[in-house]
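The structure's right below; bear with me while I get my questions together.
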Amino acid sequence: MADLVSMDKIVALCKRRGFIFASSEIYGGLGSTYDYGHYGVLFKQNVKNEWWRAMLQERDDIVALDSAILQHPRTWEASGHLAGFTDPMVDCRTCGQRFRADHLHDLQCPRKPSKPPGDGPDCSLTEARDFNLMFETTMGPVKDSGATVYLRPETAQGIFVNFKNVLQFSRKKPPFGIAQIGKSFRNEITPGNFVFRTREFEQMEMEFFVAPDEAPQWYEHWKQARMEWYVELGLRPDHLRLREHDPDELSHYSSATADVEYLFPIGWSELEGIANRGDFDLTQHAEYSGEKLEYFDQQTKEHYVPHVIEPAAGADRATLAFLVDAYDEEEIDTSSGAQGGEQRTVLKLHPRLAPVKVAVLPLVRKEGQPEVAREIVAALRGRMQTEYDAGGSIGKRYRRQDEIGTPFCVTVDHQTLEDRTVTVRERDSLGQDRVAIGELGDVLAAWLAQPWVSPKLGPT
Ligand code: GAP
């Protein structure tokens, strides 16, 4: 627990380096919504690309889908969200604030922050009421006569309602999966902790359809595969755990669920859920739509409703976990040849997740160095996300690249003009190598492709 970074430091870095900003900031912000800046977009996109890679590129039993955010309202009747996607809520008659009744002990009374809501001297809480978390809007030009529709609270239902389409057109048969990344919306009563819990967020969900008797073994498979994904991308295994739900925690549709939990600055919290959803969703949608949602097994000549194993992850929450895990503050070692005795903040991100792979820095802004640096950028940018940076002292530029997690800094100096070589500085070890410009692209690509483990784990 000793190396846990505070959420305040993460928020400050995200703002300082343009990863994530509070949304509508000039108007005072809008409760728990966030905007991603340049590096945040590149970083989160890399997280999503890695998820697609694991789902699509590295297997041939999963296909992609991008379903609409607005779906027929019957979808949410069938899924159970209209009736049951609720949190218990209480209002305080004194301060007018609303709280989740089941989280009161983790919350602060706005008037007496040392106490939970309800325990302050003037608190007056109402009885708990169920509050539906779906955002409602109206479809059609006239609000009064239009139909009420909902912003989807999960991407999963878009997959179930397309089961028949995909089965017909993808030439897949169980076991097979449908994967989707997209925005979901939940009117959370008490969002917070930065992008951990927001009202608008991105999910990465995959529904894996299997023969009923194979469901338990696929549930085990996906729990393991999802843990391995996080570890391969650099999360320290001792900050990651799998927690099986107790029977009284299970959702109405699930016979087994496990959470991948990460040790966030707020403590162990859910990063992803893996659920055995049985045949609940396809059966419900078949009943509400009147369509048959089954598979005909040619061998046994039997129809059956496939069971579903669902790994459901959050793109924003995963991005936050990678950020927290990578964050480090350290004193730079003088023997490294870099500026000694200096403090640096650095994101030790897996190179595949780093928003920028290489920064090219002319040592001075004269003697033709910027021109050579630009030439190098032009040669590299088709192969990897490359940045040119000539502003400020070289030390300051290194610090900037460390804070956004850039694995390599290429410095163009006096020697470059003589022998067409550059210095390549590696982010984690601070080691420096002299590389010929003509070989730079291949050398960097090879280094980026090497297996990587978090240097925070120490020598392996
Ligand atoms: N289809 C199942 C489902 O949606 P969930 O556990 O409610 O399951 C899956 O959500 C993942 O989506 C969570 O593990 C989390 O990573 C992310 N998520 C859920 N609510 C979120 C919120 N309000 N803000 C950010 N991420 C959220």
Side-chain angles (χ1 to χ4, degrees), residues 7 20 23 31-34 36 44 47-48 51 65 67 69 71 75-76 78-81 84-87 100 103 131-135 150-161 177-208 219 222-223 226-227 229-230 235 240-245 249-262 264 266 268-278 280-282 284-285 308-324:
M7 197 68 102
I20 304 175
S23 179
S32 273
T33 52
Y34 290 92
Y36 283 73
K44 185 158 71 145
V47 172
K48 292 187 284 183
W51 190 85
L65 181 77
S67 70
I69 286 173
Q71 288 165 224
T75 305
W76 309 112
S79 68
H81 282 84
F85 193 52
T86 55
D87 278 337
R100 258 183 76 165
H103 284 185
F131 173 76
N132 195 298
L133 301 185
M134 283 199 294
F135 278 99
Y150 303 90
L151 303 189
R152 67 179 174 203
E154 62 173 19
T155 58
Q157 299 304 323
I159 296 179
F160 297 127
V161 300
I178 307 177
Q180 154 150 254
I181 296 182
K183 286 257 169 138
S184 293
F185 302 83
R186 295 182 189 177
N187 199 359
E188 304 276 4
I189 302 169
T190 42
N193 291 316
F194 198 36
V195 293
F196 180 83
R197 191 183 305 285
T198 52
R199 294 193 166 103
E200 174 179 346
F201 54 96
E202 267 185 294
Q203 287 188 307
M204 310 188 287
E205 296 198 287
M206 196 273 293
E207 310 302 324
F208 202 71
Y219 175 60
W222 281 111
K223 282 192 295 189
R226 295 305 302 147
M227 286 289 280
W229 185 79
Y230 290 106
L235 287 195
L240 207 55
R241 71 183 186 194
L242 197 63
R243 189 183 67 80
E244 209 71 49
H245 280 206
E249 277 182 275
L250 293 175
S251 314
H252 57 286
Y253 53 73
S254 171
S255 60
T257 298
D259 285 345
V260 176
E261 294 188 333
Y262 178 72
F264 286 97
I266 51 172
W268 286 102
S269 309
E270 177 188 338
L271 186 53
E272 164 162 356
I274 298 119
N276 181 346
R277 301 181 69 118
F280 175 81
D281 303 276
L282 291 182
Q284 286 289 106
H285 287 299
V308 171
I309 307 301
E310 174 196 68
D316 308 87
R317 217 175 265 190
T319 301
L320 179 63
F322 288 121
L323 201 58
V324 165

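Please read these numbers as outputs of a predicted model, since none were measured by experiment. Counting starts at 1 for both ligands and their atoms, in listed order.
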Arg186 to Phe135, cation-pi by 6.0 Å centre distance and 45° axis angle =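 So Arg186 doesn't make the cation-pi contact.
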Using a threshold of 4.0 angstrom between heavy atoms of the protein and any atom of ligand 1, which residues qualify?
->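 For ligand 1, the residues that come within the 4.0 Å heavy-atom cutoff are Glu154, Ala156, Arg186, Glu188, Phe196, Arg197, Thr198, Phe201, Gln203, Glu205, Glu270, Leu271, Glu272, Gly273, Arg277, Glu310, Ala312, Ala313, Gly314, Arg317.
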Consider only side-chain N and O atoms of Thr155 and Glu205, and report whether a donor and an acceptor are under 3.5 Å apart.
->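 The answer is yes; a qualifying pair exists.
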Residues in salt bridge (charged side-chain N to carboxylate O under 4.0 Å, His left out) contact with Arg226, at least two apart in sequence or another chain =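 Checked Arg226 against salt bridge (charged side-chain N to carboxylate O under 4.0 Å, His left out); matches are Glu272.
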For Glu244, what residues pass the salt bridge (charged side-chain N to carboxylate O under 4.0 Å, His left out) criterion, not counting sequence neighbours?
->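 Glu244 satisfies salt bridge (charged side-chain N to carboxylate O under 4.0 Å, His left out) with Lys223 once adjacent residues are dropped.
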Listed by chain and number, what are the salt bridge (charged side-chain N to carboxylate O under 4.0 Å, His left out) partners of Arg241, not counting sequence neighbours?
->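 Salt bridge (charged side-chain N to carboxylate O under 4.0 Å, His left out) list for Arg241, sorted by chain: Glu261.
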In terms of the angle between their ring planes, are Phe194 and Tyr34 parallel, tilted or perpendicular, with boundaries placed at 30° and 60°?
->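 It falls in the perpendicular class, over 60°.
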